[in-house]
Amino acid sequence: MYTRCRVCGGKVGEFLDLGRQPTANGFLLPHEVNREFTFRLAVGACADCALVQLIDEVSQEVRYHAGYRYHASGSASHRQHFEGNARRLLATELGGSDPFIVEIGCNDGVMLATVAAAGVRHLGVEPSTNVADVARSRGVRVLTEYFDAGTAAAIRAEHGPSNVIFGANTICHIAHIESLMRGVDVLLTSDGVFIFEEPYLGTIVEGRAFDQIYDEHVFYFSVTSVAAMAERFGLELVDAEQISMHGGEIRYTLARAGARVPAPGVAALLADEQARRLSAPDTLEEFGRHVERVRDELVTLLRQIRADGLRVVGYGAPGKASTVTNYCRIGSDLVPFVCDSTPSKQGHLLPGSHLPVRAPEAFADPYPDYALLFAWNHAEEIMAKEQGFREAGGRWIRFVPEVRVD
Ligand code: JHZ
Ligand code: SAH
Ligand code: ZN
């Protein structure tokens, strides 16, 4: 259990306890339900640097391994986003002679495949061997290791320094962040950039996306906490852009202190977070009370639907579905199954709640009366695909930012 900040050593004050939970990507086969791993899912904020983080953590070997479920290329919007990212980096940061980019957590190569196709020197660092193999099959060079200060030194010794270090939805996963930041310092060229895009504390707290809280997300960054972290390691936050991925994230750009002129937007965002009191204890505690209300309303609604003799099916089995179903104790009595397009999730049970996961074809066979949208961040893509559901009179249930039926 952590009561000290993983970045600055300050005191971490707990503000939300979501109970005992499994790992969010710990999908199970029916015979595995009796030996399920759980831990206490609770979050706190550092009184000194404002960094919001998990209190207890799950070891990285339990989370990332040869059977990691999440394949980043699984949705069209993600493929487009990361191809766009790669093209932008190729145009802006990787134009010099023989540039070198390192991606921490390249997963199935969703971003680096475009870099590899452009013939630019690159290396993905990806400990989950199954997704690393998919990346390799797409022409991406991958080191199957956990990135830390030691790996960074080894990469530099073999390949030289890196002009760009990139990470998406990965930096917030790495509990040994102090070692990661030292690694960035070792590996980056003097004018290089460390760019990472991660779920934003503002989206989670103000946008009420409490289901983003789970074992893999050890940190919940804000502009304030990232600026402070950069400074501790001789770096500087030089840009912060809001992007729409996963319901609202920020892409942070760090450079060596003094090497680049910070974009004017950084100071504005810092002032804005202060004015909104984003990481103040009362804001975080109010968020905690909201989460309890959402739980009570959602459970009441699902019970009422069942009492009326109607059916609800879950749509999408994202990591987020684990947090909601387990915190709200939604079992197969309320939601008999969930549909998801990921083949390696189908035929398995959601962790903890043990809702069965079936292929999307099961959704229309026959359509339920209601669909509980677990993959709410993909609403547009899913609704476009499932127009027939609404035409048949079906209604979507959401719970972020609050419980809503439409
Ligand atoms: P999605 C994952 O979060 C896990 P998750 C991880 N911890 C993280 O940080 C971020 O990604 C990067 C399915 N689906 O993207 C596919 C359909 O069934 O919200 C996925 O299983 N039909 C690494 O798990 C799930 O929904 C569809 O049409 O919260 C979405 O998962 C579409 C579009 C998706 O990530
Ligand atoms: N970048 C992709 C994938 C994010 S999933 C996207 O944004 O969709 C997070 C990935 O980080 C997983 O593939 C996981 O195996 C990897 N990861 C976890 N710890 C890591 C570490 N210490 N070093 C490098 N990668 C890590
Ligand atoms: Zn701190």
Side-chain angles (χ1 to χ4, degrees), residues 4-12 23-25 27 45-53 60-61 63-65 68-79 81-82 85 102-112 124-132 135 143-148 151 166-177 179-180 183 196-199 211-212 214-218 225 228-229 232 245-247 249 314-323 338-342 344-346 357 359-360 363 373-386:
R4 292 276 157 201
C5 174
R6 292 170 178 85
V7 167
C8 79
K11 196 165 171 353
V12 175
T23 59
N25 272 309
F27 290 83
C46 173
D48 292 343
C49 76
L51 181 55
V52 171
Q53 50 200 288
Q60 58 184 358
E61 290 76 14
R63 293 182 277 149
Y64 314 108
H65 40 65
Y68 186 60
R69 301 280 166 184
Y70 186 72
H71 288 241
S73 299
S75 64
S77 59
H78 288 188
R79 290 193 296 274
H81 172 81
F82 287 112
N85 262 0
V102 170
E103 182 176 3
I104 306 174
C106 71
N107 198 269
D108 61 6
V110 67
M111 211 269 299
L112 283 183
V125 185
E126 177 49 71
S128 297
T129 52
N130 60 328
V131 287
L143 178 68
T144 36
E145 295 282 355
Y146 295 93
F147 186 91
D148 59 17
T151 333
F166 180 80
N169 305 295
T170 297
I171 307 309
C172 75
H173 291 219
I174 300 180
H176 54 264
I177 190 137
S179 172
L180 175 141
F196 53 103
E197 34 186 73
E198 311 287 322
D211 54 347
Q212 282 287 16
Y214 51 84
D215 63 309
E216 293 191 38
H217 294 166
V218 179
S225 62
M229 178 171 81
R232 281 188 82 80
M245 293 287 282
H246 293 283
E249 300 198 319
Y315 207 103
K320 299 184 284 292
S322 174
T323 298
V338 171
C339 295
D340 192 282
S341 57
T342 314
S344 65
K345 293 180 182 177
Q346 295 161 7
V357 184
F363 186 54
L373 187 58
F374 289 123
W376 51 266
N377 48 316
H378 296 286
E380 218 176 302
E381 192 171 336
I382 290 172
M383 305 230 174
K385 222 182 264 184
E386 300 290 0

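In this chain, residues are counted from 1 in sequence order. In each ligand, atom 1 is the first atom listed, and ligand 1 is the first ligand listed.
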Polar atom proximity, [X] to ligand 1 (N or O, under 3.5 Å):
X      : result
Asn25  : no
Glu216 : yes
Tyr315 : no

Applying a 4.0 Å heavy-atom criterion (strictly less than), which segment of [X] is in contact with ligand 1: side chain, backbone, both, or neither?
X      : answer
Tyr68  : side chain
Tyr214 : side chain
Thr342 : side chain
Pro318 : both
Asn377 : side chain
Lys320 : both

- Item | Per-residue contact class, Ile174 against ligand 2 - non-hydrogen pairs under 4.0 Å |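 Near ligand 2, Ile174 shows its side chain, while the N, CA, C and O stay back.
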- Just let me know how Phe147 lines up against ligand 2, side chain, backbone, both or neither, with a heavy-atom cut-off below 4.0 Å. both
- Task: Would you mind checking which non-hydrogen protein atom is closest to atom 20 (C) of ligand 1, with the distance to 0.1 Å?
- Result: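 The answer is Asp340 OD2, 3.5 Å.
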- Task: Identify, for atom 18 (O) of ligand 1, the protein heavy atom at the shortest distance, and state residue, atom and that distance.
- Result: Ser341 N, 2.8 Å
- Item | His246 ring center within less than 6.0 Å of His78 ring center | yes
- Whether Gln53 side chain and Arg6 backbone form a donor-acceptor pair below 3.5 Å: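 Looks like yes, one N/O pair under 3.5 Å.
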- Item | Check: Arg63 and Val218 side chains under 4.5 Å, non-hydrogen atoms |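 Touching, per the 4.5 Å side-chain cut-off.
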